[in-house]
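Every chain is numbered from 1, with letters handed out A, B, ... down the list of sequences.
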There are 2 protein chains.
Amino acid sequence: MTDPRPTPLPPPEISDATLRRFVGYHMKRAFNVVQADLTATLGPFRLRMLTYSALVLVCDNPGLSQTRLAAAMDIERPNLVVIVDELERRGLITRDRVPTDRRAYALMPTPSGRRLCGQAIKAVEAHEARLFAGLDDTTRQTLVAVLSALRATPNS
Amino acid sequence: MTDPRPTPLPPPEISDATLRRFVGYHMKRAFNVVQADLTATLGPFRLRMLTYSALVLVCDNPGLSQTRLAAAMDIERPNLVVIVDELERRGLITRDRVPTDRRAYALMPTPSGRRLCGQAIKAVEAHEARLFAGLDDTTRQTLVAVLSALRATPNS
DNA sequence: TATTGTTATACTCTATAACTATA
DNA sequence: TATAGTTATAGAGTATAACAATA
């Protein structure tokens, strides 16, 4: 199976050894892959990673306030507003006033929201099972442990 | 050390067990931490993760074309244009026409670009050493191996 | 004064279509 | 025709300041 073509210009391998030494570089690329796959998985539910995360947290913690939800999602409160707007507009959650603190909202899942959430969770489970099929349990646990430990950064 | 205050409302722990079961959730949060830290690290050099990656690749592969650089960085060519624009405007790289193919550019680092690149690499090395100080070599290698393996996604 | 939710805003990254000039 | 680089554009995520209502 020799190739008779006079290879027009054998594209010299790119040397990315320097970049590959940095974990952040690998994290970025890996996350892009996961993100793209997850977006496709959630597409049929008209959810994105952020709306999905918010819906799951509201279903698991009915009555959550937006401030605490934003903290749990590790995003800024202003950025949560549009996410809650979207979930509320679709009738998946409700914003109920808290009698004891009329500043805050108690976010509650609707029956429809709970239903969609359950379906989306199953889809994401299947998505992750496929994506991480090559990892044994120990490696997967190590991965999660390492990523979790990165939460708090003792910056200099 | 008893607390005499009548805890106004003991914020019930948020149950995020469902989300925590998904690796993508941990990847997102971990990447946000790394990204924020890296942005701070590169700030003094007026570089971001993308401009840094591009500069490193051009320094390691002088004469690289934009198409191949975009492929190496795993971004779309249109998005690379502004990155190359910025590096060129700052005098860190040059866009030289390729005599044999006048459509393409040969990206070359300037002496100033090489100098800044060397300094930035050292800063990023220190940044990563600090960020991943808790990981032994084996764990770190496992992490990189797992993240790298995620590149190609056999999507269903 | 402090906090909840909100608006406005800006920057970055990502993705696609369509154009130009070359090949 | 196909490719290299470009422009325009749109969507999404992130971050900060400042405001009204309420505590």
Is there a chain of hydrophobic side chains (I, L, V, M, F, W, Y, each step under 4.5 Å between heavy atoms) that links [X] to [Y]?
X      : Y      : result
B/V81  : B/I93  : no
A/I121 : A/F132 : yes
A/V98  : A/M108 : no

Taking atom [atom2] of [N] as reference, at what distance in whole Å does atom [atom1] of [X] sit?
X      : N      : atom1 : atom2 : answer
B/L64  : D/dA4  : CG    : P     : 12 Å
B/Y105 : C/dA21 : OH    : P     : 12 Å
B/F31  : D/dG13 : CZ    : P     : 14 Å
B/L80  : C/dT14 : CG    : P     : 12 Å
B/L42  : C/dC11 : CG    : P     : 19 Å
A/D37  : C/dA15 : CG    : P     : 13 Å
A/Q66  : C/dT3  : CD    : P     : 17 Å
B/L69  : D/dG5  : CG    : P     : 9 Å

Most 5' of A/I75 and B/R97 on DNA chain D, judged by nearest nucleotide: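 Upstream on the strand: B/R97.
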Spell out yes or no: do the side chain of B/D101 and the base of D/dA4 have one donor N/O and one acceptor N/O closer than 3.5 Å?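 Counting by modelled atom types and ignoring angles, no donor-acceptor contact under 3.5 Å is found here.
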Classify the side chain of B/R102 versus the base of C/dT22 as yes if they form a donor-acceptor pair under 3.5 Å and no if they do not.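 No pair found.
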Base, sugar-phosphate, or nothing for B/R95, non-hydrogen atoms under 4.0 angstrom?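 Sugar-phosphate, no base atom in range.
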Base, sugar-phosphate, or nothing: which does B/E76 touch, judged by heavy atoms less than 4.0 Å apart?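 Touches a base.
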Quick one, [X] and [Y] - any side-chain contact, counting heavy atoms below 4.5 Å?
X      : Y      : result
B/L107 : B/R95  : yes
A/L92  : A/T51  : no
B/E86  : B/L50  : no
A/R90  : A/L116 : yes
B/L47  : B/L87  : yes

Please check the phosphate of [N] (OP1 and OP2 only) for any side-chain N or O of [X] closer than 4.0 Å.
X     : N      : answer
A/T67 : C/dT3  : no
A/K28 : C/dT14 : yes
A/N32 : C/dT14 : yes
A/Q35 : C/dC13 : no

What heavy-atom pair brings B/D60 and A/S15 nearest, and what distance separates the two atoms?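 That closest heavy-atom pairing would be CB-O, 3.7 Å.
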Between residues 43-56 of chain A and DNA chain D, which residues have a heavy-atom gap below 4.0 Å?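 Going residue by residue through residues 43-56 of chain A, the ones with a heavy atom under 4.0 Å of DNA chain D turn out to be A/R48, A/L50.
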Expected output is a numbered-order residue list: members of residues 81-90 of chain B with a heavy atom under 4.0 Å from any atom of DNA chain D. What is it?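 Heavy-atom contacts with DNA chain D come from B/V81.
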Select one nucleotide: of [options], the one nearest the side-chain heavy atoms of [X].
X     : options                : value
A/N79 : C/dT16, D/dA15, D/dA21 : D/dA15
B/R77 : C/dT6, D/dT6, D/dA21   : D/dT6
B/P78 : C/dT6, D/dT7, D/dT22   : D/dT7

What I want to find out is whether B/E125 reaches A/R21 closely enough, with some N-O distance under 4.0 Å, to be called a salt bridge.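 Looking at A/R21 together with B/E125, the answer is yes, because their closest N to O distance falls below 4.0 Å.
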